[in-house]
Amino acid sequence: MGVLNVTPDSFSDGGRWASTEAAVRHALDLHADGADLIDVGGESTRPGAARVTPEVEQGRVLPVIAELHRRGIVTSVDTLNAQTAERAADAGAGIINDVSGGLNDPGMAAVVARTGLTYIAMHWRGHARTMDTLAVYDDVVASVVAELTDRVAALEAAGVKRSQIVLDPGLGFSKDAEQNWRLLGRLDAFSALGLPVMVGASRKRFLAALLPEDAPIVDRDLPTAVLSVLAAQAGMWAVRVHDVAGTRTALNVLARVDSARIGS
Ligand SMILES: Nc1nc2ncc(COP(=O)(O)O)nc2c(=O)[nH]1
């Protein structure tokens, strides 16, 4: 899953794809680099980011989703808002990617049920302004698994089919660095729920600790690619990355080793 933030303020690529034309061009590049999916977001979710209205969000993402759909590219709409999700589905989005797992907008589950689209339910405890204060867990793996399990039950009660749901541990959302690493060390606990799982570590702050103090954000693409391989080995459904080319190359290394092993 290639990341396309059509926002002026996303932490790692804010403002570079603010126009529809620039955004579509970048999506085509990500697709050419090997992305199976393009995640189109119109509101930055980075800690401290300002909220935008659904109308502003829709103005940013709908034209991009419609044009990519016209070109046969599968998109997910990265939104907390039911109205945006519904309009994105009408514009041709194939997936709803909701970082709040349905907690932000009470109307989201009904839209997911009605559209029948794949729904990525990420673990979330609150908006960007408060999320860091909510990073308190006795056992982060057990808590995130339990809270996602609750979300699945609520979604099914609202008419969403289990077959629509993809889970995501929500790295960096109400998790500190150590908690992110703990979650990455136990991806099996998420697979054990019997649903596809996506992981989004790309360029996130917790990776910076592995790099020199003043390293540019793009240097986080190497640890991101390593995590993509580990996620693939753990049987993850998808990884959400900015540097598709790097992750695709890393996954090709894994595929080559696996095929050689099978052939041996
Ligand atoms: N499902 C899912 N969606 C997401 N959307 C945005 C961000 C924040 O990263 P960005 O600002 O680089 O897009 N991370 C996730 C994530 O980890 N999982």
Side-chain angles (χ1 to χ4, degrees), residues 1-18 23 26-27 30 35-52 57 60-61 64 75-81 84-85 88 93-104 108 112 117-128 131-132 135 144 148 151 164-175 177 179-181 183-184 187 190 195-208 217-218 220-221 223-224 227-228 231 236-244 246-247:
M1 179 184 277
V3 177
L4 182 67
N5 285 315
V6 192
T7 60
D9 61 351
S10 282
F11 81 95
S12 74
D13 56 4
R16 291 177 59 192
W17 328 117
H26 185 56
L30 294 174
D36 299 301
L37 306 168
I38 303 294
D39 190 39
V40 184
E43 177 180 21
S44 173
T45 53
R46 67 174 168 71
R51 301 297 319 279
V52 299
E57 177 187 51
R60 291 172 177 172
V61 302
V64 175
T75 59
S76 50
V77 59
D78 191 334
T79 185
L80 300 152
N81 301 307
T84 301
I95 297 169
I96 297 168
N97 175 24
D98 180 357
V99 297
S100 79
L103 288 172
N104 175 67
M108 179 65 85
V112 175
L117 292 188
T118 296
Y119 178 67
I120 301 173
M122 196 189 81
H123 177 265
W124 187 81
R125 281 186 163 183
H127 285 289
M131 69 167 73
D132 288 346
V144 173
L148 280 176
R151 296 309 312 136
Q164 291 179 251
I165 301 172
V166 174
L167 301 177
D168 181 326
L171 298 178
F173 290 81
S174 297
K175 286 97 181 176
Q179 291 159 343
N180 288 329
W181 290 115
L183 290 168
L184 285 166
L187 293 177
F190 295 92
L195 291 172
V197 181
M198 182 171 86
V199 170
S202 187
R203 294 185 180 174
K204 287 186 175 173
R205 206 170 13 168
F206 75 103
L207 298 176
I217 284 185
V218 288
R220 300 177 191 175
D221 287 339
T224 298
L227 285 173
S228 295
M236 295 297 99
W237 176 78
V239 285
R240 180 180 177 279
V241 299
H242 300 81
D243 174 23
V244 170
T247 270

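Just follow the structure's listing: the first ligand is 1, and inside any ligand the first atom is 1. FYI, side chains are in, hydrogens and waters are out, and symmetry mates aren't considered; it's all heavy atoms of this structure.
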Q: I'd like to check which ligand 1 atoms, numbered from 1 as shown, lie under 4.0 Å from a non-hydrogen atom of I120.
A: 1 (N)
Q: Are T84 and V77 close enough that some pair of their side-chain heavy atoms sits under 4.5 Å apart?
A: yes
Q: Does any non-hydrogen side-chain atom of F173 lie less than 4.5 Å from one of K204?
A: yes
Q: Show me which atoms of ligand 1 lie under 4.0 Å from any heavy atom of N97.
A: 1 (N), 2 (C), 3 (N)
Q: Check whether any side-chain heavy atom of E43 sits under 4.5 Å from a side-chain heavy atom of R51, and report yes or no.
A: yes
Q: Give the numbers and elements of all ligand 1 atoms closer than 4.0 Å to a heavy atom of D78.
A: 3 (N), 4 (C), 5 (N), 6 (C)
Q: To the closest 0.5 Å, what do you measure between CE (M108) and CG (N81)?
A: 6.5 Å
Q: For ligand 1, which atoms, with element, lie under 4.0 Å from some heavy atom of V99?
A: 3 (N), 4 (C), 5 (N)
Q: Could you give the distance from CG (L183) to CZ (F190), rounded to the nearest 0.5 Å?
A: 5.0 Å
Q: Under a 4.0 Å heavy-atom limit, does H242 contact ligand 1 with its side chain, its backbone, both, or neither?
A: side chain
Q: Within a distance under 4.0 Å of any heavy atom of F173, pick out the atoms of ligand 1 and give their elements.
A: 7 (C), 8 (C), 14 (N), 15 (C)
Q: Any side-chain to backbone donor/acceptor pair from D243 onto D221? Under 3.5 Å, distance only.
A: no
Q: Report, in ascending order of atom number, the atoms of ligand 1 lying under 4.0 Å from any heavy atom of D168.
A: 1 (N), 2 (C), 16 (C), 18 (N)
Q: Less than 4.5 Å apart, any side-chain heavy atom of P169 and any of H123?
A: no
Q: Please confirm whether K204 comes within less than 3.5 Å of ligand 1 when only nitrogen or oxygen atoms on both sides are compared.
A: yes
Q: Check each atom of ligand 1 against the heavy atoms of M122 and keep those under 4.0 Å away; list them by number with element.
A: 2 (C), 16 (C), 17 (O), 18 (N)
Q: Would you tell me which option among R240, E43, R203 has the nearest heavy-atom contact to atom 9 (O) of ligand 1?
A: R240
Q: Consider side-chain contact (heavy atoms from CB on, under 4.5 Å). Of L171, D78, I120, which one does R240 pass it with?
A: D78
Q: Would you mind running through ligand 1 and noting each atom that sits below 4.0 Å from a heavy atom of M198?
A: 1 (N), 2 (C)
Q: Of V239, T45, N5, I95, which has the heavy atom at the shortest distance from atom 8 (C) of ligand 1?
A: T45
